[in-house]
Protein chains: 2
Amino acid sequence: MISQKSKYALKALAVLAREYGKGPMLISEIANQEKIPRTFLELILLELKNQGLLHSRKGRGGGYFLAKPPQSISVGQILRMTGGPLALLPCVSKTAYRRCEECHDERTCGIRLVMKEVRDATAKILDATTLADLVKRGQLAALGRDALEFSI
Amino acid sequence: MISQKSKYALKALAVLAREYGKGPMLISEIANQEKIPRTFLELILLELKNQGLLHSRKGRGGGYFLAKPPQSISVGQILRMTGGPLALLPCVSKTAYRRCEECHDERTCGIRLVMKEVRDATAKILDATTLADLVKRGQLAALGRDALEFSI
DNA sequence: AAATAGTCTAGTAAATCACTTGACTTAATC
DNA sequence: GATTAAGTCAAGTGATTTACTAGACTATTT
Ligand code: FES
Ligand code: FES
């Protein structure tokens with residue numbers, strides 16, 4: 001399971017992707033639209049900014065906006081930035097690798113091999129899906145169409 | 001990330017799969033082999049027994065053994081039994097479904113659609129991999145061969 | 001009867017999560 | 001240049017979950 005934090009980040013970024021190119025957006029506006037606790041969202045956006053994903057402007061007329069176009073930001077990236085390891089086990093995580101202390105030999109651990117397969121499949125999907133895709137899917141689904149069509 | 005509990009369960013069951021047909025095995029023997037805290041392992045095995053995956057015998061010469069052949073127990077099953085939800089979000093979990101309260105409409109939520117894709121890919125792998133596969137992979141890897149070969 | 005094993009109910013220390021508080025900085029506008 | 005509208009940042013906190021442990025009990029074999 002990913003954390004609320006990661007989920008909030010995805011939602012906030014999806015909103016900003018929808019508004020991309022229309023100037024900065026207020027934290028509180030995003031918070032209201034997506035029902036995210038405002039002060040918590042502040043933390044999250046700040047962190048994403050420090051990682052270079054967002055830019056911000058202070059003072060009146062300020063707010064947040066994407067640092068790059070939505071097509072160049074992947075869901076995988078976002079999850080990794082917000083601390084959500086994609087892997088099911090530490091020993092197969094690229095970003096949060098940690099040895100399994102109880103395992104005698106990592107190279108021959110059957111569990112690890114399977115979990116690595118899962119991790120790779122997960123990463124493939126999440127790294128291939130961009131914020132632009134996320135938004136588009138939502139819109140297509142809203143039109144009642146099959147949301148998978150476009151991904152072919 | 002799956003819990004230690006789930007990992008321990010997988011390891012213990014893998015051991016029991018290796019010894020399948022050779023009579024019961026002691027908790028303490030499994031615990032020693034896999035470096036699992038003994039009393040914690042007791043809890044885990046008991047739970048798996050109550051779910052029907054294991055049988056046990058008390059008294060001298062007793063211990064635990066698989067209730068079914070290793071080829072008929074999938075890794076996915078085990079993870080679900082030990083409380084590890086496969087999905088990255090509650091709204092796409094089959095076993096631990098919970099609505100996303102902040103999401104306006106589940107059907108058109110782009111995030112959910114992507115996460116569902118991930119869940120399905122994950123479940124496909126984990127439900128197709130049995131304890132027998134797990135053991136076999138470990139053995140093949142130990143021989144220095146490519147562990148993926150056999151799965152074709 | 002003695003020894004061997006699993007069963008079951010509690011409890012607990014540590015970590016993590018999901019936030020909140022409040023003081024501070026920067027920028028635009030009047 | 002004062003006011004107001006924003007983002008920034010460091011701490012703290014309450015609830016929950018995790019990863020166990022303790023200890024008394026039950027069943028089976030020798
Ligand atoms: S090395 Fe991580 S599970 Fe074995
Ligand atoms: S419904 Fe679960 S993320 Fe939107």
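In this text, all values refer to a predicted model and were calculated from it rather than measured experimentally. In what follows, every chain begins at residue 1, and chains take the letters A, B, ... in the order their sequences are listed.
- Of the two residues contacting DNA chain C, namely B:M25 and A:R38, the nearest-nucleotide position lying further toward the 5' end is that of B:M25.
- Partners of B:R38 by salt bridge (Lys or Arg N to Asp or Glu O under 4.0 Å), not counting sequence neighbours, listed by chain and number: B:E42.
- Between A:D133 and B:V114 the shortest side-chain heavy-atom distance does not fall below 4.5 Å.
- Identified under the side chain to side chain donor-acceptor pair (under 3.5 Å) test for residues 76-85 of chain A, with sequence neighbours left out: A:S6-A:T82, A:R80-A:D127.
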Derivation of the side-chain contact (heavy atoms from CB on, under 4.5 Å) call for B:L13 and B:Y64: CA-CA 10 Å; B:L13 289 170; B:Y64 274 102; over 6 Å; no
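- Taking side-chain N and O atoms only, A:Y8 has a distance below 4.0 Å to OP1 or OP2 of C:dC19.
- For the pair A:K7 NZ and C:dC19 P, the interatomic distance rounds to 10 Å; values are reported in whole Å.
- Residues of residues 42-49 of chain A that place a heavy atom closer than 4.0 Å to DNA chain D, in numerical order, are A:E42, A:L46, A:K49.
- Among the protein residues, A:T39 comes within range of the nucleic acid bases, having at least one heavy atom under 4.0 Å from a base atom.
- Considering only heavy atoms from C-beta on, A:M25 comes within 4.5 Å of A:Q33 through its side chain.
- A:K116 and A:D120 are joined by a salt bridge, as a carboxylate oxygen and a charged side-chain nitrogen come within less than 4.0 angstrom of each other.
- From B:L10, atom CG reaches atom CD1 of A:I111 across 5.0 Å, with rounding to the nearest 0.5 Å.
- Between the CD1 atom of A:I36 and the P atom of C:dA18 there is a distance of 13 Å, given to the nearest Å.
- Here the side chains of A:R112 and A:C103 are not in contact, with every heavy-atom distance at 4.5 Å or above.
- A straight line from CZ of A:F40 to P of C:dT20 spans 9 Å, rounded to a whole angstrom.
- A chain of hydrophobic side-chain contacts below 4.5 Å, direct or via other Ile, Leu, Val, Met, Phe, Trp or Tyr residues, connects A:I27 to A:M81.
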Nucleotide N/O to protein N/O under 3.5 Å, stretch nucleotides 26-28 of chain C:
| unit_1 | atom_1 | unit_2 | atom_2 | d |
| --- | --- | --- | --- | --- |
| C:dT26 | O4' | A:K58 | NZ | 3.2 |

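- Placement of B:M1 and A:M1 in two distinct hydrophobic clusters is found when ILVMFWY residues are connected by side-chain heavy-atom separations under 4.5 Å, directly or transitively.
- A search for salt bridge (Lys or Arg N to Asp or Glu O under 4.0 Å) contacts involving B:E29 returns nothing, not counting sequence neighbours.
- The nucleotide range of DNA chain D contacted by chain B, defined by atoms under 4.0 angstrom from heavy atoms of the protein and reported 5' to 3', is D:dA19 to D:dT30.
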